Amino acid sequence: MVVECVLMTAGRESSTTYEAADGSGLPMLLFEPAEGVQPVAGIVMFHGGALRRGSADGLVPHCRRLAARGIFAASAGYRLIGQAATNIDDCIADARRAIEHFSGLSALRGLDSSRLASGGSSAGGHLALVAAMIAPDSPLPAPEPDVAAVVALNPVVDLLAYSPERRRILEQDAGIAAGRAIEYSPIEWVRPGNPPMLIQHGTHDDVAPIRQVRRFRDAMAQAGNDCLLLEYEHAGHAFHYPGRTGHFDDVIDATAAFLLDRLTPAPAARRTGVERQARRATPPGRQSPGPS
């Protein structure tokens, strides 16, 4: 039985648990608009930490700020490798369970699946992408994603872009069998029909170089998919947290603009203008141009 404990704040904040793939309980922190305000969209987010560190607390500032924009937001934990998780498959399975649980909570708040997104930071962004692009329990593209959009903050999108030595380290750290990194590499799973995506990335990211993210954006565009890449000049990895680089407000503005545009009913002109809105919201960054 899931129990929610409501904390009275400017918005509504609560904590709950969801059942992990191994049957254990994992935390999910919920952030809603103020009392009496109906949420217009929803997003569940996953923290970073290379699948071995971090907690749901890491994205609390992001979710709290999104809730103030009318978005039902959740930050979900997942089992960590070296602790309760054996490998990346356990983390992905938990992410899928979290999305399913969040979908049920959202339905109680009047939000159907067409208004729900997933997302996250770094490894958490990678989890959201894999869950949306790859079918469960098989190395096949997901025929029907469980979410209507994905927001990824400095994610790794091309595991094969690294040197063989670096790739072996990534495989070992993530518990991926040698030579199977391609099965977890989002760029390999780009197909027509992938959900709309917003990626926000620093141009000086030394963990996930910007060039691999640009290739992913280009592949999405060539497949006829909606993929908006916002680049932040001179920003490194994990640039989006409050008080570190000054980009937090810009990231939240762009995320809210994207979710409200892609997930809520609006005039057609709103969609064509969302990129301009995102650019205005993120003066230190820039929208990366599409393929020529």
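Along the sequence shown, residues are numbered consecutively beginning with 1. Values in this document were obtained by computation on a predicted structure and should not be read as measured data.
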Backbone of Ala131 reached by a side-chain donor or acceptor of Arg96 within 3.5 Å: yes
Any side-chain heavy-atom pair of Leu30 and Ser15 under 4.5 Å: no
His204 and Tyr232: CA distance, side-chain angles, deciding distance, ring-ring contact (aromatic ring centres under 6.0 Å, His included) verdict: CA-CA 9 Å; His204 285 190; Tyr232 291 77; over 10 Å; no
Donor-acceptor pair, side chain of Ser24 and main chain of Ala20, under 3.5 angstrom: no
Any donor-acceptor N/O pair, Glu35 side chain to Gly11 backbone, under 3.5 Å: no
Side chain Trp189, main chain Glu183, donor-acceptor under 3.5 Å: yes
Residue pair Ala21 / Arg79: nearest heavy atoms and the distance that separates them: CB-NH2, 3.5 Å
Any side-chain donor near an acceptor of the partner, His201 and Asn154, under 3.5 Å: no
Gln200 versus Thr255, side-chain donor and acceptor atoms under 3.5 Å: yes
Shared hydrophobic cluster, Ile182 / Leu51 (ILVMFWY, side-chain heavy atoms < 4.5 Å): no
Qualifying residue, where the test is side chain to side chain donor-acceptor pair (under 3.5 Å) with Ser121 and the options are His240, His237, His47: His240
Closest contact, heavy atoms only, Met45 versus Cys63: SD-SG, 4.3 Å
Residues Leu26, Arg97; criterion side chain to side chain contact (heavy atoms under 4.5 Å, CB included); working and verdict: CA-CA 10 Å; Leu26 290 172; Arg97 290 290 190 98; over 6 Å; no
Residue pairs fulfilling salt bridge (charged side-chain N to carboxylate O under 4.0 Å, His left out) with at least one residue in residues 154-177, sequence neighbours excluded: Asp158-Arg215
Flag for Tyr18-Glu100: side-chain donor and acceptor within less than 3.5 Å: no
Side chain to side chain contact (heavy atoms under 4.5 Å, CB included) between Leu160 and Glu188, worked out: CA-CA 9 Å; Leu160 303 187; Glu188 301 295 330; 3.8 Å; yes
Over all atoms of both residues, closest heavy-atom pair of Ala76 and Ala98: CB-CB, 4.0 Å
Residues Phe102, Phe72; criterion ring-ring contact (aromatic ring centres under 6.0 Å, His included); working and verdict: CA-CA 10 Å; Phe102 181 71; Phe72 177 38; 5.0 Å; yes
Ser185 side chain to Ala181 backbone, donor-acceptor under 3.5 Å: no
Main-chain N/O of Ala257 paired to Asp261 side chain as donor or acceptor, under 3.5 Å: no
Donor-acceptor under 3.5 Å (Thr17 side chain, Pro27 main chain): no
Check: Tyr184/Asp89 side-chain N/O donor and acceptor closer than 3.5 Å: yes
Flag, side chain of Ser75 to backbone of Asp57, donor-acceptor distance under 3.5 Å: no
